[in-house]
Amino acid sequence: MKTVLISGASVAGLTLAHWLRRRGFAPTVVERAPGVRPGGQAIDVRGVALDVLDRMDLLAPAREARTRLRGMSMLDGDGNELWRSTERTLSGGRLDSGDIELLREDLAQLLYGRARDGVEYLFDDSVTALVQEPHGVHVGFERGRSRTFDLVVGADGLRSTVRRLAFGAEGPFFRPLGGYVAVFSTENFLDLDDWEVWLQGGGASYCVYPVRHNTELRVTLGFASEPFALDHRDTEAQKTVLAERMSALGGDTPQLLKAMWQAPDFYFDAMAQIHLDRWSKGRVGLVGDAGYCPSPLSGQGTSLALVGAYVLADELGRAAGDHRTALRRYEERLRPFVALNQALATENPGQGAAEESIERAKNAVRLDG
């Protein structure tokens with residue numbers, strides 16, 4: 001039985017753990033957080049990614065957990081309504097679509113439920129060193145003892161530690177897209193009733209919508225900017241920057257910024273993509289945002305994570321653990337799918353062409369090889 005260390009109890013990491021176990025591997029998941037991470041924005045599962053959930057018997061539970069938005073309003077920078085729609089939202093697309101919008105934490109919990117039995121979890125720990133040897137990868141951990149695994153997979157997101165240790169500093173792979181984004185949760189002090197609100201003005205914006213039967217809000221704050229130096233783990237500095245960049249906006253901005261300081265969860269980072277010539281080096285591979293982040297602008301990060309994890313596990317199973325063959329075939333199958341989905345965030349066709357591009361990107365890979 002081949003041992004595989006997966007860094008990150010993410011959508012990609014949990015999906016990969018499930019399918020590796022199903023194919024006879026012994027997966028171990030290491031996660032810096034003390035458990036599966038809470039919080040996060042509503043995410044979308046589309047196209048062939050829905051088939052991955054279906055094969056995990058999670059399609060019905062995911063549909064049950066979906067958001068229930070009735071529509072949205074767009075406001076100008078002073079808080080005046082410009083237009084509204086009861087047909088679509090900017091976060092999730094058409095309301096009559098077969099796609100599923102649900103909270104990232106809800107999807108993660110569903111995946112964890114499927115990937116719990118037969119998978120070893122090392123919570124509250126992280127990878128600190130990788131040494132590739134002829135018959136495995138010797139892994140150092142921040143808290144636990146070092147161990148050797150047949151294969152290591154980085155599923156640890158945009159700022160992947162595994163990618164840095166195996167491929168070097170992120171500079172050559174990190175492509176900023178001209179902005180920064182923050183996400184946090186708070187109580188529904190705006191009394192929104194299944195209704196999404198966007199405000200845009202002066203190079204900054206916010207999006208807010210209710211969840212949990214209208215008891216909570218998910219808030220997204222963003223601003224356009226060239227890259228600047230900021231510690232991606234220093235949340236206080238990040239909140240200070242956000243408060244400064246968002247302060248000129250009207251509407252509910254002052255209340256949202258006040259709530260931001262008390263939020264129980266908070267995420268902030270650049271809008272960016274990851275581009276590598278290869279997603280593996282020896283016995284170390286990458287999946288999801290760690291290898292090919294498309295950015296939230298694409299709306300396809302979660303679908304890429306689900307499909308990428310499925311295809312990687314499928315190729316490892318087909319190759320009977322021959323990691324060289326499996327990792328090569330994984331890239332050959334998935335790269336066209338990744339390219340189309342990353343292009344959704346960087347190309348700006350007209351509305352009709354954009355919808356056609358989205359439909360093509362959603363299904364540009366076959367799950368059965």
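Numbering of residues begins at 1 and proceeds along the displayed sequence.
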Under the rule for salt bridge (Lys or Arg N to Asp or Glu O under 4.0 Å), what residues qualify as partners of [X], not counting sequence neighbours?
X	result
D96	R94
E31	R37
D44	R46
R175	none

Pairs satisfying salt bridge (charged side-chain N to carboxylate O under 4.0 Å, His left out), at least one member in [range], at least two apart:
range	value
residues 203-227	E105-R212, E105-R218, D106-R212, E216-R218
residues 245-258	none
residues 108-124	E120-R147, D124-R143

Once ring-ring contact (aromatic ring centres under 6.0 Å, His included) is applied, what residue pairs with a partner in residues 197-221 remain, sequence neighbours excluded?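 Pairs touching residues 197-221 that pass the test: none.
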Can you list every pair that meets ring-ring contact (aromatic ring centres under 6.0 Å, His included) and has a residue in residues 126-171, with sequence neighbours left out?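 Pairs touching residues 126-171 that pass the test: none.
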Please tabulate, for side-chain N and O atoms in residues 48-63, each donor-acceptor pair with protein atoms closer than 3.5 Å (sequence neighbours left out).
| unit_1 | atom_1 | unit_2 | atom_2 | d |
| --- | --- | --- | --- | --- |
| R55 | NH1 | Y310 | OH | 2.6 |
| R55 | NH1 | D368 | OD1 | 3.0 |
| R55 | NH2 | D368 | OD1 | 3.3 |
| R55 | NH2 | D368 | OD2 | 3.2 |
| R63 | NH1 | G98 | O | 3.2 |

Would K239 count as a cation-pi partner of F268, with NZ or CZ less than 6.0 Å from the six-membered ring centre and within 45° of the ring normal?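 No cation-pi geometry.
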Geometric cation-pi criterion, R163 with W279: 6.0 Å, 45°: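 No - R163 does not lie over the ring of W279 by the 6.0 Å and 45° rule.
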Pairs involving residues 284-308, ordered by first then second residue, that meet side chain to side chain donor-acceptor pair (under 3.5 Å) (sequence neighbours left out):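 For residues 284-308, and leaving out neighbouring residues, the side chain to side chain donor-acceptor pair (under 3.5 Å) pairs sorted by first residue read Y292-Y330, Q300-N341.
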W261/E236 under side chain to side chain contact (heavy atoms under 4.5 Å, CB included): CA gap, chis, key distance, verdict: CA-CA 8 Å; W261 290 99; E236 293 302 301; 3.4 Å; yes
What distance do Q41 atom CD and T67 atom OG1 have between them, rounded to the nearest 0.5 Å?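 Rounded to the nearest 0.5 Å, the CD-OG1 separation comes to 12.0 Å.
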Enter the distance from L327:CG to L151:CG here, rounded to the nearest 0.5 Å.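 Separation between the atoms: 6.0 Å.
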Mind checking what makes side-chain contact (heavy atoms from CB on, under 4.5 Å) contact with D191, not counting sequence neighbours?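 side-chain contact (heavy atoms from CB on, under 4.5 Å) check on D191 returns nothing, list empty.
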Side chain to side chain donor-acceptor pair (under 3.5 Å) evaluation trace for N188 with T215: CA-CA 5 Å; N188 186 6; T215 63; over 6 Å; no
